[in-house]
Amino acid sequence: ARAAAGGPPIVEERTIGPDTYLVRTERRDGAVVQAAMDLSYQQQDRHSLYLSFVAAEIVGLIAAVAAGQVLAGRAIAPLQEALRRQRRFVADASHELRTPLTRLHTRAQMLARKAQPPGPGDGPGGLGDELGALVADTRQFGEVITDLLESAQLERSDAARELVDIAAVAGSVVSAESARAQARSVRLDLRLGSGDHFVLGVPPALRRVVSALVDNALGHTRPGGHIEVVVDGARTGREVEITVIDDGVGFPPDQAELIFQRFNHRSGNGNDRRFGLGLALVREVVENHGGRVAAVGEPGQGATFTVQLPRAPVSPRTSRAARVPSARVPAALN
């Protein structure tokens, strides 16, 4: 009717059933004329083209990812081989050095014992003191070799992991270090919090974590100081927390991250103490077990090291079966 009244041509889309048409209506030579074109074929072609574009893009992305992996693997392969050779060399060298170093340390201990008490005129700085320093040096050398060997052999694998009672591990370490703490006139206590103290991990590696933290605290605590090892499984409910607190020399707060780096940090408190591999291995082992480690300190006010490990889902029956006699430690060991 609008076209018949002399209006302009009308172009519109109309859907009739499942099909869509483009319709043009106009007045031509005194009559109203309509032309209709079926758009279904164009829509099908458009959808097919879109699907082709999408499929081509997906195939291109897959091909790009595959090619990237192949090229990256080829580029990294020499570096991986070099790292494997370096790790193997460190492990072999450390293993070969342990035996002669152990003999050297034993002989130094025997000489130091034979030199005590010092002879006439053997005051400070004499033979006994020198042999004592030799024993200390060989012990530190042995600790470095042990750290190197453990660093080279540390693997990110869950195959050897088992249920570990951190309370038992901490009790064993505190018991082993009590004699050294007494010799240094340092009080060493163990406090067990509530909750389960079980994690899934490698027992020797986790023992090394606790041992390294306690050793670090002993090395930085003056005579008459106090070190407390706390194991708590109820603070967050999802993690077992190991905290080693000392009132020793401490460290500046801005060096809290540097102390976990290998060989490149000194405490800066006048004692020029090198942290070495011990704390670096602590972080590596803890992160391999899915945990976190952090340190807080102030110069002259001590330091606090906190390790958080994911708690193992343990049933009461499994807990009773997993407990060993060494886990039954007193609340405080001096």
Side-chain angles (χ1 to χ4, degrees), residues 136 139-140 143-144 146-147 150-151 166-167 169-171 173-174 176-178 180-193 197 199 205-233 235-236 239-309 332-334:
R139 181 181 61 82
Q140 293 175 3
E143 291 175 353
V144 172
T146 300
D147 287 341
E150 292 184 0
S151 177
I166 295 298
V169 172
V173 171
V174 170
E177 295 287 359
S178 293
R180 186 153 68 106
Q182 289 180 356
R184 293 171 176 257
S185 299
V186 174
R187 194 178 71 183
L188 177 61
D189 294 336
L190 171 65
R191 180 162 56 89
L192 302 182
H197 304 139
V199 301
L206 293 176
R207 177 182 172 84
R208 181 62 178 166
V209 167
V210 182
S211 178
L213 293 178
V214 173
D215 178 74
N216 176 73
L218 284 171
H220 291 77
T221 302
R222 301 183 181 92
H226 178 216
I227 300 173
E228 185 177 35
V229 181
V230 183
V231 181
D232 191 358
R235 195 177 72 84
T236 65
E239 296 171 320
V240 177
E241 190 173 271
I242 311 163
T243 307
V244 179
I245 309 167
D246 67 72
D247 56 3
V249 296
F251 56 86
D254 59 350
Q255 296 181 355
E257 288 296 321
L258 296 177
I259 62 178
F260 292 103
Q261 296 179 6
R262 296 175 178 239
F263 291 123
N264 60 352
H265 176 69
R266 295 177 184 270
S267 62
N269 291 295
N271 57 356
D272 202 31
R273 178 177 293 277
R274 193 177 182 92
F275 284 86
L277 268 174
L279 294 181
L281 282 177
V282 167
R283 166 165 283 184
E284 190 171 352
V285 171
V286 170
E287 291 180 350
N288 284 347
H289 284 75
R292 304 182 302 275
V293 59
V296 178
E298 288 288 343
Q301 299 181 17
T304 299
F305 288 81
T306 302
V307 173
Q308 293 176 324
L309 297 170
L333 295 175
N334 294 329

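Nearest heavy-atom pair across V186 and P223 is CG2-CA, 4.5 Å. In terms of heavy atoms, A170 sits closest to V210 at CA-CG1, 4.1 Å. In this structure, I259 and L279 approach most closely via the heavy-atom pair O-CB, 3.5 Å. Across all non-hydrogen atoms, the minimal contact from A303 to F251 is CB-CE2, 3.5 Å. Of all heavy-atom pairs spanning L192 and A167, the tightest one is CD2-CB, 3.9 Å. When all heavy atoms of S211 and V173 are compared, the pair lying nearest together is CA-CG1, 3.8 Å.
Of the charged side-chain nitrogens involved, none lies within less than 4.0 Å of a carboxylate oxygen, so that R184 and E177 do not count as a salt-bridged pair. Salt-bridge annotation for R222 and D247: absent, with no side-chain N of the basic residue lying under 4.0 Å from a carboxylate O of the acidic one.
No donor-acceptor distance shorter than 3.5 angstrom exists from the side chain of D232 to the backbone of E241, with no hydrogens or angles considered. Between the side chain of N288 and the backbone N or O of E284 there is at least one donor-acceptor pair closer than 3.5 Å. With hydrogens and angles disregarded, a donor-acceptor distance shorter than 3.5 Å links the side chain of S178 to the backbone of V174.
Here CG of L213 is found 11.0 Å from CD1 of I227. Values are rounded to the nearest 0.5 Å.
I242 has its side chain out of reach of V230: every pair of non-hydrogen atoms, C-beta onward, lies at least 4.5 Å apart. In this structure, the side chains of L309 and V307 come closer than 4.5 Å at one or more pairs of heavy atoms. A 4.5 Å side-chain heavy-atom check between H289 and L206 finds at least one atom pair inside the cut-off.
Residues passing the side chain to side chain contact (heavy atoms under 4.5 Å, CB included) test with T304, sequence neighbours excluded: T243, I245, T306. In this structure, the side chain to side chain contact (heavy atoms under 4.5 Å, CB included) partners of E239, at least two apart in sequence or on a different chain, are T236, R292, Q308.
Between F305 and F260, the two ring planes are perpendicular [angle over 60°; tilted spans 30° to 60°].
Donor-acceptor pairing under 3.5 Å is recorded for the side chains of D189 and H226.
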